[in-house]
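Data block below; observations after.
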Amino acid sequence: METTLYFLIVICFLAGLMDAAVGGGGLLQIPGMFNVLPPNTPVPTVLGVGKVASFSGTFTATWQYVRKIAVPWKMLLPAAILAFAMSYLGAKSAAYFPVQYMKPAMLAVMVAMFLYTFFKKDLGQTARTAALTRRELFWGLFFGALIGFYDGIFGPGTGSLLAFVFVRFYGYDFLAASASAKVINTTTNLAALTFFIPNGHVVWTWALPLAAANLFGGIIGARLAIRGGTKFLRYGFMVLLCLFIGKFARDLVV
């Protein structure tokens, strides 16, 4: 088990780095945990331990971002609260929701997002200076609720969806969009923990070292993103979308 833990620490460090820099750390962390942990480990335990690690890294990355990047708190705070509630509701509803229809739908969404970002070269490259309108504040609540529910019931690609919304519909650059997405992502991860922890799905002897690894990865990833700027994040965002497209397509074929 000691060797297994070392492998998991490396996986969670890299997942934290990837998630903070461009998002999508769950693409690496969740499959890695399922492959490395003993086969008889209950699925809720794997997910619960993974959420503890993810929350640690996401929270740290969020702190790194908001210290240096201006984010629209007036919209983010109520949207984050609503996303928290909807994420918890999504987790509770997962057993009754036809999740098998999510993958083809998300594949189509990710392909559309990639093509739009690829052909619109200036997307997310200019910082927004105008104040948010009431209409935009309302839509922020709507998107927070919708994506929060999706995160609770299914999950993969949540950060990418949030970042794209902030870039496409609000005109933020990729750096501000990534910072804003991390704020909401932190609350949806916390919502999942309010379900996993009370129900005994977290093995703390695994979760604590993995959370520390994800945390350090989050620190380094956020610093890389801030230094790399919007161009780095645009390319990273498209690479991440390619990974998601490949994963969803493979899951549908296999």
Side-chain angles (χ1 to χ4, degrees), residues 14-28 54-80 83 109-110 112-133 136-137 139-140 143-144 147-148 151 157-189 214-244:
L14 294 174
L17 190 154
M18 175 180 171
D19 196 65
V22 294
L27 273 178
L28 178 61
S54 297
F55 173 77
S56 174
T58 305
F59 179 80
T60 304
T62 302
W63 177 250
Q64 293 284 313
Y65 274 116
V66 300
R67 287 170 59 202
K68 299 182 179 180
I69 307 297
V71 296
W73 288 112
K74 187 176 180 180
M75 174 184 65
L76 282 180
L77 290 178
V109 169
M110 293 293 173
M113 285 166 57
F114 176 83
L115 291 174
Y116 189 89
T117 306
F118 180 81
F119 287 108
K120 194 168 178 58
K121 305 295 184 183
D122 60 343
L123 183 71
Q125 301 303 298
T126 305
R128 172 177 175 148
T129 55
L132 291 172
T133 64
E136 288 174 323
L137 291 173
W139 281 108
F143 284 124
I147 297 176
D151 189 41
T158 300
S160 300
L161 287 170
L162 286 167
F164 185 80
V165 164
F166 285 118
V167 171
R168 170 62 181 83
F169 296 100
Y170 290 91
Y172 287 109
D173 60 78
F174 271 107
L175 204 52
S178 295
S180 301
K182 285 286 176 289
V183 173
I184 295 182
N185 229 169
T186 299
T187 62
T188 56
N189 282 340
N214 202 290
L215 182 151
F216 285 113
I219 291 173
I220 295 173
R223 289 180 178 176
L224 286 174
I226 292 169
R227 289 179 183 176
T230 57
K231 188 171 289 187
F232 166 80
L233 285 173
R234 178 177 182 271
Y235 290 128
F237 181 73
M238 288 193 293
V239 169
L240 180 64
L241 287 179
C242 286
L243 292 174
F244 273 119

### Task
Would you indicate whether the side-chain heavy atoms of L132 and K74 approach each other to under 4.5 Å?
no
### Summary
Note: A176 and V71 closest approach over all heavy atoms is O-CG1, 4.4 Å
#### Entry: Partners meeting ring pair (Phe, Tyr, Trp, His ring centres under 6.0 Å) with Y172 (sequence neighbours left out)
none
### side-chain hydrogen bond (donor to acceptor under 3.5 Å, both in side chains) contacts touching residues 157-171 (sequence neighbours left out)
Y116-R168, D151-T158
### Query
Which atoms form the tightest heavy-atom contact between S56 and L215, and what is the distance?
OG-CB, 3.3 Å
### Query
When rounded to the nearest 0.5 angstrom, what is the spacing between OH in Y65 and CD1 in I69?
8.0 Å
### Query
Got a sec, which residues hit side chain to side chain contact (heavy atoms under 4.5 Å, CB included) with K231, two or more places apart in sequence or on another chain?
Q125, Y235
### Query
What residues, two or more places apart in sequence or in another chain, satisfy side-chain hydrogen bond (donor to acceptor under 3.5 Å, both in side chains) together with S180?
none
### Task
Take L241 and F164 through the side-chain contact (heavy atoms from CB on, under 4.5 Å) test and state the conclusion after the steps.
CA-CA 11 Å; L241 287 179; F164 185 80; 6.0 Å; no
### Message
Tell me every residue that passes salt bridge (charged side-chain N to carboxylate O under 4.0 Å, His left out) with K120, counting only those two or more places apart in sequence or in another chain.
### Response
D122
#### Entry: Considering all heavy atoms, the nearest L175-D173 contact
N-OD1, 2.9 Å
## Note on the structure
Closest heavy-atom pair, G57 versus N214, reported as atoms and distance to 0.1 Å, is CA-OD1, 3.0 Å
### Flag, side chain of R234 to backbone of T117, donor-acceptor distance under 3.5 Å
yes
### Task
Report the residues that fulfil side chain to side chain contact (heavy atoms under 4.5 Å, CB included) with T62, sequence neighbours left out, ordered by chain and then residue number.
T58, V66, K182, V183, T186
### Query
Taking the six-membered ring for Trp, are F114 and F244 ring centroids under 6.0 Å apart?
no
I'd like a table of donor-acceptor pairs (distance under 3.5 Å, sequence neighbours excluded) in which one partner is a side-chain atom from residues 16-23, with atom names and distances.
residue	atom	partner	partner atom	Å
D19	OD1	G24	N	3.2
D19	OD1	G25	N	3.0

### Task
List the atom of A177, the atom of V167, and the distance in Å for their closest heavy-atom pair.
CB-CG2, 3.4 Å
### By side chain to side chain contact (heavy atoms under 4.5 Å, CB included) - contacts of R67 (at least two apart)
W63, Q64
### Task
Could you please spell out the steps behind the side-chain contact (heavy atoms from CB on, under 4.5 Å) verdict for F166 and L76?
CA-CA 11 Å; F166 285 118; L76 282 180; 3.6 Å; yes
### Query
Does any non-hydrogen side-chain atom of L161 lie less than 4.5 Å from one of F143?
no
### Query
Is the F174 ring parallel, tilted or perpendicular to the F237 ring (thresholds 30°, 60°)?
tilted
### Query
At what distance, to the nearest 0.5 angstrom, does CE of M238 lie from CG of L233?
11.5 Å
### Query
What closest approach, in Å, do A181 and A163 show between heavy atoms, and which atom pair accounts for it?
CB-N, 3.9 Å
## Note on the structure
side chain to side chain contact (heavy atoms under 4.5 Å, CB included) filter on F216, not counting sequence neighbours, yields F13, I219
